[in-house]
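Every value quoted in this text rests on a predicted model; they were computed, and no experiment measured them.
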Amino acid sequence: MKSPAELDDVQWHALTHAYGSAEDVPELIRALYQDDEETAGEAIHELYGNIHHQGTVYPASAPAVPFLAHAVRHAPGKRDELLMLLAAFAVGPGARPLGSSRR
């Protein structure tokens, strides 16, 4: 896990996501810690859209994961949504939904 204080250690400008430069990712992650639930919710929506767009992962996706894991512990108002985002990375594109079985 990495704290938001370490966000500036990542060269986000050199990474990309679904919409180009990942320079917006640090501010989205910082927004997860806001007391304003609407702001945090919008940030999660944006993160789903840019670092995990339609099941695809991007160069900015993996560097974001330790920060998202930290937010799970320290931004508890959005814990469930953050866990779902992290699970989406783990499942990967084309995988069966969690809990489904092969027949």
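Taking the six-membered ring wherever Trp is involved, the centroid distance between the rings of Tyr58 and His53 does not fall below 6.0 Å.
In this structure, CD1 in Ile51 is found 11.0 Å from CD in Glu46, a value given to the nearest 0.5 Å. The line from NE2 of His17 to CG of Leu47 is 8.5 Å long, rounded to the nearest 0.5 Å.
In this structure the side chain of Val25 never reaches within 4.5 angstrom of the side chain of Leu15, judged on heavy atoms. Side-chain contact check for Leu28 versus Asn50: some heavy-atom pair is nearer than 4.5 Å. Residues Ser61 and His52 fail the side-chain proximity criterion, which asks for heavy atoms closer than 4.5 Å. Annotation: side chain of Phe67 is not in contact with side chain of Leu32 (no heavy-atom distance under 4.5 Å).
In terms of heavy atoms, Leu85 sits closest to Tyr48 at N-OH, 3.0 Å. The two residues Ala22 and Ala60 make their nearest non-hydrogen contact at CB-CB, 3.5 Å.
For Asp36, the side chain to side chain contact (heavy atoms under 4.5 Å, CB included) partners at least two apart in sequence or on another chain are Glu38, Thr39. Residues passing the salt bridge (charged side-chain N to carboxylate O under 4.0 Å, His left out) test with Glu81, sequence neighbours excluded: Lys78.
The number of heavy-atom neighbours closer than 6.0 Å to NE2 of His45, taken from other residues, nucleotides and ligands shown, is 12 or below.
Residue pairs meeting the salt bridge (Lys or Arg N to Asp or Glu O under 4.0 Å) criterion with at least one member in residues 15-34, sequence neighbours excluded, are Asp8-Arg30, Glu27-Arg30.
Hydrophobic clustering, with ILVMFWY side chains joined whenever heavy atoms are under 4.5 angstrom apart, keeps Tyr19 apart from Trp12. At a threshold of 4.5 Å between side-chain heavy atoms, the hydrophobic network of Ile, Leu, Val, Met, Phe, Trp and Tyr places Met1 and Ile44 in two separate groups.
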